[in-house]
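For reference, the structure discussed in these notes is given below.
If you're wondering where the values come from, they're calculated on a predicted model, not measured in any experiment. To find a chain, count down the sequence lines: A is the first, B the second, and so on, and within it residues start at 1.
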2 protein chains.
Amino acid sequence: MSSSGGDSVISRLRKLISDGEYQPGDRIGEVRVAQQLGVSRTPVRLAFRTLEQEGLLERAGKRGFRVREFSAADVLCAVEVRGVLEGLAVRRLAERGLDDSLDELLSFWIQKGRELLAKGHLEEVDVGRWGDINHSFHEALVAAAGSPVIGDAIARNNHLPFAAADSIIIDTEALDREYRKLLQAQLQHELVLQALRCGEGARAEMLMREHAFIGLRYVDLLGMEPVSLSGTDE
Amino acid sequence: MSSSGGDSVISRLRKLISDGEYQPGDRIGEVRVAQQLGVSRTPVRLAFRTLEQEGLLERAGKRGFRVREFSAADVLCAVEVRGVLEGLAVRRLAERGLDDSLDELLSFWIQKGRELLAKGHLEEVDVGRWGDINHSFHEALVAAAGSPVIGDAIARNNHLPFAAADSIIIDTEALDREYRKLLQAQLQHELVLQALRCGEGARAEMLMREHAFIGLRYVDLLGMEPVSLSGTDE
DNA sequence: GCACGCCTGAATGGATCCAACAAAGGTATA
DNA sequence: TATACCTTTGTTGGATCCATTCAGGCGTGC
């Protein structure tokens, strides 16, 4: 019994790491994790291999693993990687043409975004809803790119902390500023769809690349604290 | 005893798959693989998780794995992914400037390539040597991109069959044609270095993207058989 | 006093055992 | 005869056990 459902060890361990329970650079042992999660060593060993492939862990010498540390530069780089990959996806999409059903789907999520932002300000509950809308839009784009390869590459990249498209840091203290950010994101979504409809592959690609930065650079511009991962207390 | 060294199960299994021992789409069982490799189920299970992350295996329903199948379109897509990622790497490199030691290293491998191709034709032993030179050049570029994130993404992408930069198919029957291909590749290497020295990020990126296609599209142009993976006998 | 080597302990990797679940086939009933 | 349920079997996931290896400490010899 217990809540040991299959891959739940992986996600629980991932959460432990991102919560800072295991510090970046720390050696991470099978026995301790197994005890902490209340499971045997076997699923932990399996999870370690998976998380190593995901990039959250790295081999510590010949023996064991350690939690990988990511600098702010790494996070920026991961965001750029997502940008070029999603850019590739939309360029291919523009080149092969946008079919009606996908146009409809994208329009649907754009309409949802419009409705969410229509009231002119942002409330705290809207944050999660925007996350869903944004995720669905991106997912639809990537899924339609013609091959699962791009989606896989993006998915693997998204395992890195703060790299995923839906990991925009929302400062609930400054919903006003966040609202302007989401307005910008929404505009970029609409521009991408516009470019796709016109078959403008290069433009769509560049828009998507720029769009990736919205969670990072735009934050800096607005004077917020840049993301830092390693060893910061909250 | 036996030759069961650590990750060797992974590479042996990878080889079994790429050799067509297990057909794409086939369900792959732990017991059979374990017996075939002469090891217990445990390392096989670990290898399955790793290969799943690498994209060679996929979950078959709720239970077990199956060998993933790649279409020609997927291979093309993986090559394009490598192109945009390596393009990103060199653009970042151009933007932050090329330091002397890297310039020296890249020049070294370019010189090696020049020497290899200087005699005006290609011999069979040169194929492997070109592979090494090419690999070193690409590796040096990616390693210098400022963050391991890009390199990781490329490495993961390279696990897909025929996606790696050093998996140019060399037709030893037509070394003359292959020679012209490698001349082109060498020229592209030199152009990239030129662009890097001038800080021309966009140009370097586009050159690198185009360079990625040299193993595929150029093959088609020359009338060779396009790569096909699934179920073809050799 | 320093260095080399041995010994001990701990942690990981591999093998085996047990349980749970899914798929398939057979039988009974409507 | 067809369908539904039950049984049986095979495969996978989890737990435990054994061997191997790496690291650290201590002792002895030079």
Inset, instruction - Assign B:R32 to base, sugar-phosphate, or nothing according to its heavy-atom contacts below 4.0 angstrom with the strands shown. - result: nothing

Legend entry - Closest non-hydrogen atom pair between A:A34 and A:V44, with its separation: CA-CG2, 3.7 Å

Inset, instruction - Let me know the distance between CZ of B:R66 and C1' of C:dA23, rounded to the nearest Å. - result: 15 Å

Legend entry - B:D99 CG: over 12 foreign heavy atoms closer than 6.0 Å: yes

Inset, instruction - Please report, rounded to the nearest Å, how far the C1' atom of D:dT11 is from the CD1 atom of B:I28. - result: 14 Å

Legend entry - Residue A:R41, side-chain heavy atoms: nucleotide from C:dA11, C:dG14, C:dG13 that is nearest: C:dG13

Legend entry - Protein-nucleotide distance (A:L37, atom CG; D:dG13, atom P), rounded to Å: 18 Å

Inset, instruction - Provide, to the nearest angstrom, the distance between the CZ atom belonging to A:F65 and the C1' atom belonging to C:dA11. - result: 13 Å

Legend entry - Carboxylate-amine/guanidinium contact A:E86 A:R209, below 4.0 Å: no

Inset, instruction - Indicate, yes or no, whether a donor-acceptor pair under 3.5 Å links the base of C:dG14 to the side chain of A:R45. - result: yes

Inset, instruction - Would you check if the side chain of A:D74 reaches a backbone N or O of A:S71 as a donor-acceptor pair within less than 3.5 Å? - result: yes

Inset, instruction - Figure out the CZ/C1' separation between B:R12 and C:dG14, and round it to whole Å. - result: 13 Å

Inset, instruction - Whole angstrom is fine here: how far is it from CZ in B:R49 over to C1' in C:dG14? - result: 16 Å

Legend entry - Which residue lies more 5' along DNA chain D, comparing B:R59 with A:R63 via nearest heavy atoms: B:R59

Inset, instruction - Rounded off to whole Å, could you give me the CD-to-C1' distance for the A:E30 and C:dG14 pair? - result: 12 Å

Legend entry - B:L141 and B:M208, any side-chain heavy atoms less than 4.5 Å apart: yes

Inset, instruction - Please tell me which of B:S40 and B:R27 maps to the more 5' nucleotide of DNA chain C, matching each residue to the nucleotide holding its nearest heavy atom. - result: B:S40

Inset, instruction - Report the nucleotide, chosen from C:dA11, C:dG14, D:dG14, that has the shortest atom-to-atom distance to any side-chain atom of A:P43. - result: D:dG14

Inset, instruction - Can you tell me the distance, in whole Å, between the CG atom of A:L46 and the C1' atom of C:dT12? - result: 14 Å

